[in-house]
K.L.:
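Below is the structure I would like to discuss, written out as structure tokens.
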Amino acid sequence: MQIADRRVSKIDGTVKLLFKFHDGAPAECVVLFNKGRASACLSSQSGCACACRFCATGAMGFNRDLTSSEITAQFDACLSEAGGDLGNIVFMGMGEPFLNWEHVKNAILFLSDQKGPAFPQSKMTVSTIGIVPVINELADSGLKIKLAVSLVTADNHQRAGLTPMEKKYPLTEVLEAAGKYCGKSGKSVFFEYILFDGFNDTHRYAEKLLDLIKGINCKINLILYNRFPGRDFSRSRMERVKEFQKALMKAGIRTYLRREKGSDIGAACGQLAAIRNG
Ligand code: SF4
């Protein structure tokens with residue numbers, strides 16, 4: 001395997017690495033810096049079969065699963081970029097981690113092994129579009145990692161237009177699995193919500209979201225849609241975003257706005273496409 005390309009954001013110092021594995025399969029990983037702390041965003045697959053319409057990885061199609069050693073190689077490269085000090089690992093790069101769960105799980109076990117890198121599981125987050133059977137499995141796994149579930153939006157019809165996975169794992173089943181996960185593991189779940197301009201960013205949708213997550217021990221990550229060529233979505237205006245966040249916070253839900261990083265090098269959320277962009 002080799003690092004075929006390295007890009008550094010002129011805006012915020014984010015680093016994106018493009019790996020080419022032995023068979024030519026590409027995958028990207030990203031190192032993000034926030035208040036002096038570095039995080040690594042790792043890929044679990046080369047491409048992705050989920051075909052979410054808002055995601056550049058989904059648009060490139062699926063090549064193959066990455067092996068656990070291909071995943072840990074990304075960690076090594078990110079650690080080196082971060083000067084040997086990484087605060088967090090997120091499995092939010094290319095691919096759906098729960099559709100390659102055996103290899104991702106093995107990578108997590110290796111990275112957290114006291115005889116290996118000894119990276120705490122509590123500082124790892126796996127993000128899924130909502131693969132229900134694996135959310136259920138995770139609840140019983142004893143792993144200490146954090147779970148993030150991408151709801152995308154709060155309306156099942158809207159969601160069906162944005163991700164084909166809604167057909168296989170409907171929003172209601174995803175939420176039920178997430179609720180059970182919280183009950184069994186005693187942990188909270190992060191729900192990710194993507195804000196599209198004039199589509200799902202009004203007060204009505206904030207109310208809908210609050211209704212859906214009622215009774216679940218959760219926090220919300222609001223994500224601004226990041227453009228990529230060939231899609232006609234637009235991101236929400238900042239005043240709408242702030243209003244949306246305010247409505248959730250007012251209802252007592254801890255709500256974070258994910259700061260966009262590396263957008264000038266195609267490294268922001270939903271932009272990874274394994275091309276030498278930027
Ligand atoms: S959002 Fe995630 S699950 Fe959907 S296509 Fe992109 S990488 Fe795959």
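These numbers come from a predicted model, not from an experiment. Just so you know, these numbers use all the heavy atoms, side chains as well, and skip hydrogens, waters and symmetry mates. Just so you know, ligand 1 is whichever comes first in the structure, and atom 1 is the first atom listed for that ligand.
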K.L.:
Does the side chain of Ser112 pick up a donor-acceptor pair with the side chain of Gln121 at under 3.5 Å?
P.N.:
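The criterion, which ignores hydrogens and geometry beyond distance, is satisfied for Gln121 and Ser112.
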K.L.:
Salt bridge between Lys208 and Asp155, side-chain N to carboxylate O under 4.0 Å?
P.N.:
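Between Asp155 and Lys208 there is a salt bridge, with a charged N closer than 4.0 Å to a carboxylate O.
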K.L.:
So for atom CZ, which belongs to Arg37, do other residues, nucleotides or ligands contribute more than 12 heavy atoms lying within a distance under 6.0 Å?
P.N.:
yes
K.L.:
Looking at Tyr225, is its backbone amide N or carbonyl O close enough to the side chain of Arg235 to form a donor-acceptor pair, meaning the two atoms are under 3.5 Å apart?
P.N.:
yes
K.L.:
Could you verify whether a donor N or O on one side chain and an acceptor N or O on the other, from Asn106 and Ser68, lie under 3.5 Å apart?
P.N.:
no
K.L.:
So which protein heavy atom does atom 2 (Fe) of ligand 1 come closest to, and at what separation?
P.N.:
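For this ligand atom, the closest protein heavy atom is Gly95 O, 4.2 Å.
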K.L.:
Does a donor on one side chain sit under 3.5 Å from an acceptor on the other, for Glu96 and Thr128?
P.N.:
yes
K.L.:
Output, by chain and residue number, all protein N/O/S atoms separated from atom 4 (Fe) of ligand 1 by less than 2.8 Å.
P.N.:
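The answer is Cys52 SG.
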